[in-house]
Amino acid sequence: MVEKKKTRHYFYTVVVMLTVWHILSKLLNMSIIPSPIDVLINLSETFFSKIFVHTFFSTWRIIAGVLLAIILGVPIGLCMGYFHMWDRILSPFIYFQYPIPKMALLPIVMLVFGLGEFPKIIMIILIVIFQVVVAVRDTVKNIPEETYYPLYSIGGTHLDIFKEIVIPASLPKLLTTLRIAIGTAISVLFFTETFGTEHGMGYFIMDAWMRVNYLEMYAGILVLSSMGFLLFVTIDYLEKVLCPWRQKKE
């Protein structure tokens with residue numbers, strides 16, 4: 001019942017957005033703001049012939065970057081949150097690196113790793129990993145000490161404590177952080193795909209803009225937006241599966 005209600009809300013939101021877009025296109029009557037109907041027709045005609053390959057490359061880069069950031073960042077955050085020595089050693093490094101605008105590192109990354117796939121994935125990792133580490137660390141540090149007492153009393157190991165308490169407690173915050181980080185990662189990916197590549201939604205959108213093909217440009221924007229939406233929905237699903245205690249009855 002809840003899922004059907006959410007689906008209806010998504011559908012109504014899309015309808016409202018397309019309606020507002022259509023009204024604006026008619027009122028302004030400018031080629032730079034085409035009708036959503038024309039854009040959707042163009043999208044259906046060109047998706048598999050032109051856009052699909054760019055969608056594939058962008059999706060692969062985002063998923064690879066986010067997964068690697070999780071694989072690297074979660075263990076570091078867990079250890080920093082639970083072991084005080086890890087926190088004392090690594091916190092200064094995190095604090096110095098986290099505030100640096102990651103886009104400022106793009107020239108260095110491209111000079112070191114070239115113009116291929118790796119620099120784009122590295123940029124996403126740099127965007128996501130620090131947010132993951134800080135979020136997980138702070139969540140673990142905020143677990144009340146008495147929460148560990150039952151496992152301590154029965155001789156629980158560090159592995160037991162991480163499995164039964166630390167990891168479950170950090171999952172909700174991690175997923176919330178990923179929601180925020182993915183939006184930033186898509187923005188960074190769009191920018192990096194305008195350099196040294198001929199594949200990716202960033203390249204496709206900017207190429208359509210340069211060719212004054214506004215129908216393809218808006219079609220690319222819709223696809224990029226849909227990619228972000230699907231990633232958000234995926235995180236919602238993971239939260240439902242991994243954190244069932246957070247589900248509210250409606």
Side-chain angles (χ1 to χ4, degrees), residues 2-3 6 59-102 105 121-189 228-250:
V2 175
E3 293 302 321
K6 288 179 65 176
T59 304
W60 137 252
R61 289 161 183 162
I62 292 174
I63 293 177
V66 171
L67 285 179
L68 287 172
I70 292 173
I71 292 171
L72 296 172
V74 168
I76 295 173
L78 291 175
C79 290
M80 288 179 66
Y82 186 74
F83 299 109
H84 297 301
M85 184 182 69
W86 280 67
D87 191 36
R88 286 197 303 270
I89 294 173
L90 295 180
S91 282
F93 174 79
I94 299 295
Y95 291 163
F96 275 116
Q97 298 296 320
Y98 190 29
I100 297 175
K102 302 307 179 286
L105 301 176
I121 295 173
I122 287 179
M123 290 303 299
I124 294 175
I125 293 173
L126 291 175
I127 291 291
V128 178
I129 190 169
F130 289 104
Q131 298 184 42
V132 168
V133 170
V134 172
V136 172
R137 184 205 66 168
D138 290 350
T139 301
V140 176
K141 289 180 72 173
N142 287 329
I143 297 175
E145 183 67 25
E146 56 270 19
T147 307
Y148 302 114
Y149 292 165
L151 277 178
Y152 289 156
S153 65
I154 60 175
T157 64
H158 288 316
L159 182 61
D160 296 325
I161 292 170
F162 271 71
K163 179 181 177 182
E164 300 297 333
I165 299 175
V166 175
I167 293 177
S170 63
L171 275 175
K173 183 63 176 179
L174 171 62
L175 294 173
T176 298
T177 300
L178 287 179
R179 289 188 181 95
I180 299 171
I182 281 176
T184 308
I186 292 176
S187 300
V188 171
L189 179 67
F229 171 76
L230 290 176
L231 289 171
F232 270 76
V233 171
T234 300
I235 293 176
D236 285 346
Y237 174 77
L238 289 175
E239 183 176 43
K240 181 179 179 181
V241 173
L242 299 175
C243 311
W245 62 88
R246 287 174 59 88
Q247 305 304 311
K248 296 180 179 180
K249 295 182 180 180
E250 296 187 11

task: Please report the C-alpha distance between Y82 and I143 in whole Å, then the side-chain angles of each, then the deciding distance to 0.1 Å, and finally whether the side-chain contact (heavy atoms from CB on, under 4.5 Å) criterion is met.
output: CA-CA 9 Å; Y82 186 74; I143 297 175; over 6 Å; no
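- Between L175 and C243, the shortest heavy-atom contact is CD1-SG, 4.2 Å.
- Note that CG of L189 is 10.5 Å distant from CE of M123, once rounded to the nearest 0.5 Å.
- For D160 (side chain) and T157 (main-chain N/O), a donor-acceptor pair under 3.5 Å exists by modelled atom type.
- For the pair R137/D87, a side-chain contact is recorded, criterion being any heavy-atom separation below 4.5 Å from C-beta on.
- The shortest side-chain heavy-atom distance between K173 and V136 does not fall under the 4.5 Å cut-off.
- Between T139 and L171 the shortest side-chain heavy-atom distance does not fall below 4.5 Å.
- Separating the CD1 atom in I161 from the CD1 atom in I167 is a distance of 12.0 Å, to the nearest 0.5 Å.
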- request: For salt bridge (charged side-chain N to carboxylate O under 4.0 Å, His left out), just list the numbers for D236 and R179, CA-CA rounded to whole Å, side-chain angles, deciding distance to a tenth of an Å, and then say yes or no.
  value: CA-CA 9 Å; D236 285 346; R179 289 188 181 95; 2.8 Å; yes
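- Residues Y152 and E145 meet the side-chain proximity criterion, which asks for heavy atoms closer than 4.5 Å.
- Residue L174 holds its CG atom at 11.0 Å from CD of Q131, rounded to the nearest 0.5 Å.
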message: Does M80 form a side-chain contact (heavy atoms from CB on, under 4.5 Å) with I89? I'd like the steps, not just the answer.
response: CA-CA 9 Å; M80 288 179 66; I89 294 173; over 6 Å; no
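- Residues H158 and F83 have side chains in contact (heavy-atom distance under 4.5 Å, counting atoms from C-beta outward).
- Shortest non-hydrogen contact noted between V132 and G73 is CG1-C, 3.9 Å.
- Crowding of Y237 atom OH: a count of heavy atoms from other residues, nucleotides or ligands under 6.0 Å not exceeding 12.
- Here I71 contributes atom CD1 and I125 contributes atom CD1; the two are 9.0 Å apart, rounded to the nearest 0.5 Å.
- F93 and F130 have tilted rings, their planes meeting at an angle from 30° to 60° on a 0 to 90° scale.
- Considering only heavy atoms from C-beta on, V166 comes within 4.5 Å of Y148 through its side chain.
- Considering only heavy atoms from C-beta on, I182 comes within 4.5 Å of I235 through its side chain.
- Going from atom SG of C79 over to atom NE2 of H84 covers 13.0 Å, rounded to the nearest 0.5 Å.
- Under the 3.5 Å distance criterion, the side-chain polar atoms of S153 are matched with a main-chain donor or acceptor of P150.
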message: Does V128 form a side-chain contact (heavy atoms from CB on, under 4.5 Å) with I70? I'd like the steps, not just the answer.
response: CA-CA 8 Å; V128 178; I70 292 173; 5.5 Å; no
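- The distance from the CG atom of N142 to the OG1 atom of T147 is 11.0 Å, given to the nearest 0.5 Å.
- Of all heavy-atom pairs spanning V140 and S170, the tightest one is CG2-CB, 4.3 Å.
- Side-chain contact check for L126 versus V188: every heavy-atom pair is 4.5 Å or farther apart.
- The heavy-atom pair separating A185 from I124 by the smallest distance is CB-CG2, 3.9 Å.
- Between I186 and G228, the shortest heavy-atom contact is CD1-CA, 3.6 Å.
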